[in-house]
Amino acid sequence: MPELPEVETVRRNLESTVVGRTIEQCRLSGKKLRARITSGLAERIRRRRVVNVRRHGKYLLIGLDGGLSLISHLGMSGRWLFYADPPARVLPHVHARIRHTDGTELWFQDPRRFGVLRLAHTERLASDPALRLLGPDPIATPPTGTGLHALARGTRVAVKNFLLDQRRIAGIGNIYASEILHRAAVDPRRRAGTVSQAEWTAIAREIVAVLGEAIARMGTTFDMYRTLWNEPGTYRDQLLVYDRAGEPCRACGRPIRRIVQGQRSTFYCPSCQRRGGRARGPQIVVARGTPDP
DNA sequence: ATCCTATCCTGTAGGC
DNA sequence: TGCCTACAGGATAGGA
């Protein structure tokens, strides 16, 4: 669920909240997440001070003094929660509880356990197995039409799945892939290698625009995702196609369609997102049972 | 090499 | 009310 805008929101929250605080103790649930939590993690982060909080794609990188970084990925259901005044009862599915020397606490909760928590040496972060294969972060390095066009040359996967591939661009997930392609007026089923340079230019522009607007609204909340203070993000109100199957396209009025690509839902407007873009003029009403021209 | 499928896990919504 | 199935914002091992 959390994609780049949600992770960036949490990053900003953490940056303003935990940088400068010192970890006094860390308690782990002992449960396995997507991968096993780095052995000795709790002991190795004790007494360390948080010096920065960075992000690459959907990965959070919490920098500690002494040259260590805590790598965290939220998976589908992970969240970080900050408590100035920690509750007495621990919530279910909390896998890490970090207590700072000032009594504040930071909890990592992840019911589905698709998240990641690992420790790495800061100077070797780029070669860490979790991060090594990631493509550029589109906020740090905005993509260009020519760059994407070259990257996609010869690729036969659907452009929607291309955008989801973290080795090519790191940070786009299922919601924003649909939104980006809708705003760029590109059919999600098109093979990436057949998308024109002009279309890639539109996609590059919308990647930056959509992610930026979603960050400004603190991300998209359906249910699980929350900020560090358990607040929802409000980009859901801005969604043009995601989760809107059957509802009218905000541009042309025709119904939004849901299809499945790679076992995941894609939402798009069959009228606005086809070669040549949206038909101008009034909507053509086709009688029931009449084949679509 | 590239692409596709199944799988990890829990919670919840909807049908009956 | 309960039982069942389908599905959910991610990533990847392994096979075609």
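Below, read A as the first sequence line, B as the second, and so on, with proteins coming before strands; counting in each chain starts at 1.
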Looking only at the side chain of Thr155(A) (C-beta and beyond, no hydrogens), which of the listed nucleotides dC3(B), dG11(B), dA11(C) gets closest? dC3(B)

Output yes when at least one side-chain N/O atom of Arg34(A) is less than 4.0 Å from OP1 or OP2 of dT12(C), else no. yes

Atom P, compared across dT12(B) and dA11(C): separation rounded to whole Å: 23 Å

Can a donor-acceptor pair be found, under 3.5 Å and without considering hydrogens, that links the side chain of Thr155(A) to the backbone of Val157(A)? no

Expressed as a whole number of angstroms, how long is the span from Lys32(A):NZ to dT10(B):P? 12 Å

Starting the side chain at C-beta, find the nucleotide from dC7(C), dC9(B), dG9(C) nearest to Arg258(A). dC7(C)

Would you say a side-chain N or O of Arg167(A) is under 4.0 Å from OP1 or OP2 of dA1(B)? no

Compare side-chain N and O positions of His93(A) against OP1 and OP2 of dT10(B) and report whether any pair is under 4.0 Å apart. no

Do any N or O atoms from the side chain of His100(A) and from the backbone of Arg49(A) form a donor-acceptor pair under 3.5 angstrom? no

Counter-base of dA1(B), judged by Watson-Crick or G-U geometry with both distances under 3.5 Å: none

Please state whether the phosphate of dA11(C), meaning OP1 or OP2, lies under 4.0 angstrom from any side-chain nitrogen or oxygen of Lys58(A). yes

Give a yes or no on whether the backbone of Thr101(A) and the side-chain of Thr22(A) come within a donor-acceptor separation of less than 3.5 Å. no

Show, in sequence, the C-alpha distance, side-chain angles and deciding distance for Glu8(A) and Arg12(A), and conclude whether the salt bridge (charged side-chain N to carboxylate O under 4.0 Å, His left out) test is met. CA-CA 6 Å; Glu8(A) 173 62 16; Arg12(A) 293 178 180 188; 2.8 Å; yes

If dT12(C) has a Watson-Crick or G-U wobble mate with both distances under 3.5 Å, name it; if not, just say none. dA6(B)

So, does Gln166(A) get its side chain near the phosphate of dA11(C), meaning an N or O under 4.0 Å from OP1 or OP2? yes

Considering only dG11(B), dG9(C), dC4(B), which nucleotide approaches the side chain of Pro111(A) most closely? dG11(B)

Measure from the side-chain heavy atoms of Arg112(A) and tell me the nearest of dT12(C), dT10(B), dC3(B). dT10(B)

Separation of the P atoms in dC9(B) and dG14(C), to the nearest angstrom: 15 Å

Which nucleotide, in any strand shown, forms a Watson-Crick or G-U wobble pair with dG11(B), with both distances under 3.5 Å? dC7(C)

Between dA6(B) (P) and Gln261(A) (CD): distance, integer Å: 17 Å

Please state whether the phosphate of dG9(C), meaning OP1 or OP2, lies under 4.0 angstrom from any side-chain nitrogen or oxygen of Tyr242(A). yes

DNA chain B: 5'-proximal contact among Asp223(A) and Arg168(A) (nearest heavy atom): Arg168(A)

Closer than 4.0 Å, any side-chain N/O of Arg264(A) to the OP1 or OP2 of dG10(C)? yes

Taking 4.0 Å as the cut-off, does a side-chain nitrogen or oxygen of Arg113(A) come that near to OP1 or OP2 on dC8(B)? no

State whether Ser265(A) places a side-chain N or O below 4.0 Å from either non-bridging phosphate oxygen (OP1 or OP2) of dA8(C). yes

Worked verdict on Glu6(A) versus Tyr176(A) for side-chain hydrogen bond (donor to acceptor under 3.5 Å, both in side chains): CA-CA 11 Å; Glu6(A) 292 74 35; Tyr176(A) 299 111; 2.6 Å; yes

